[in-house]
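Okay, structure first, notes after.
All ligand and atom numbering here is 1-based and tracks the order in the structure. Numbers here simply count residues along the sequence, with the first being 1.
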Amino acid sequence: MRSIAVLTSGGDAPGMNAAIRAVVRIGLEKGLKMMGVNRGYSGLINGEIFEMNRGAVAEIIQKGGTILKTARCEEFRTQEGRLKAARVLKVFGIDGLVVIGGDGSFTGAALLSELGIATVGIPGTIDNDLCYTDYTIGFDTALNTVLDAVNKLRDTANSHERVSIVEVMGRGCGDIALYGGLAGGAESILIPEKDFDKNEIYKKIFEGKFKGKIHHLVLVAEGVGGTNELAKEIEEVTGVETRATILGHIQRGGNPTAFDRILASRMGERAVDVLLEGKSSRVVGIKHGEIIDVDIKEALNMPRIFNEKIYNMMRTLSS
Ligand code: F6P
């Protein structure tokens with residue numbers, strides 16, 4: 001292993017820059033030539049590759065987004081596209097590739113490794129939807145962004161004695177809504193992992209009024225959807241004024257939290273070590289506080305275990 005490249009792929013996540021910084025600086029420390037690829041797999045196919053020194057990653061640990069830009073690349077989903085990418089990597093003399101992204105990006109890395117390029121993935125996505133790891137880079141920052149918004153929405157919902165519904169990101173994974181709901185003290189959360197009965201929400205709102213609660217907070221995961229319609233229905237059924245807020249891409253930006261910066265630095269270091277140990281088609285993660293590495297296909301096939309305990313506790317605390 002003489003030269004390693006790093007790219008970011010899929011949706012960006014706060015902390016990706018901290019991971020790039022760690023990969024580049026650890027690689028340089030170990031005597032490797034370090035390269036950056038702009039615009040994910042799309043830039044890889046187009047040869048958008050450049051050498052990175054220590055200075056190239058200065059002043060980025062605190063920044064959201066990704067200095068390498070990111071993209072979702074259709075061409076790379078084809079064998080022809082991947083063959084082109086492998087060829088480009090060989091042209092640049094690159095032996096190993098670090099891919100920072102989510103499940104789609106990891107699938108690409110596994111397939112690329114079959115073409116003779118050693119690959120390793122670092123989980124960078126706000127969704128926290130990769131079950132082989134307890135946390136993905138960006139989740140903690142997104143959660144704090146959600147909390148900040150929830151705190152502000154509470155102020156206005158309190159003043160007007162309204163119901164506030166907040167839709168958060170996470171695609172098919174309800175973790176942002178679940179943990180955001182727990183930390184934000186939401187009365188109800190709607191997540192794709194759990195069936196729900198709207199009557200239960202209405203009942204809680206009626207009971208809350210009776211108990212003297214002045215507002216009611218509902219967190220809805222993006223994968224459930226129907227947020228604006230739900231707001232109308234709540235108002236019709238309960239008679240309580242209701243406002244919906246869809247937080248959207250604001251959750252993907254901002255300075256990464258200390259947790260995400262440290263996680264990204266630790267994972268970046270391990271990713272370089274994994275390649276130096278001669279392994280390929282691996283992903284790094286964190287389990288019970290320890291940094292681990294796992295085979296990509298194995299990691300992607302692991303069944304998702306929903307945290308019932310947290311869900312039930314959240315419901316108990318908010319009733
Ligand atoms: O995977 C991260 C994520 O932010 C999801 O939560 C969301 O569904 C999706 O990306 C949005 O993607 P885009 O930025 O392409 O609209």
Taking the non-hydrogen atoms of Gln251, is any one of them nearer than 4.0 angstrom to ligand 1? no
As an exercise, state the distance from CG of Asp195 to CG of Leu190, rounded to the nearest 0.5 Å. 11.0 Å
Would you mind checking which non-hydrogen protein atom is closest to atom 15 (O) of ligand 1, with the distance to 0.1 Å? Arg72 NH2, 3.1 Å
Specify the protein heavy atom at minimum distance from atom 3 (C) of ligand 1: its residue, its atom name, and the distance to 0.1 Å. Arg252 NH1, 3.5 Å
If we only count N/O pairs under 3.5 Å, is Gly11 in contact with ligand 1? no
If we ignore angles and hydrogens, is there a donor and acceptor under 3.5 Å between the side chains of Glu298 and Tyr132? no
In terms of heavy-atom contacts, Pro14 and Ile126 come closest through CD-CG2, 3.8 Å
Determine whether any heavy atom of Gly170 lies closer than 4.0 Å to an atom of ligand 1. yes
When you check the gap from the basic side-chain N to the acidic O, do Arg77 and Glu74 get nearer than 4.0 Å? yes
Going by heavy-atom distance to atom 8 (O) of ligand 1, choose the closest among His249, Glu222, Met169. Glu222
Does any non-hydrogen side-chain atom of Asn307 lie less than 4.5 Å from one of Tyr179? yes
Salt bridge or not between Glu75 and Lys84? Use side-chain N to carboxylate O under 4.0 Å. yes
Return the option from Thr70, Asp127, Thr125 holding the heavy atom at the smallest distance from atom 5 (C) of ligand 1. Asp127
Among non-hydrogen protein atoms, atom 9 (C) of ligand 1 lies closest to Arg171 NH2, 3.6 Å
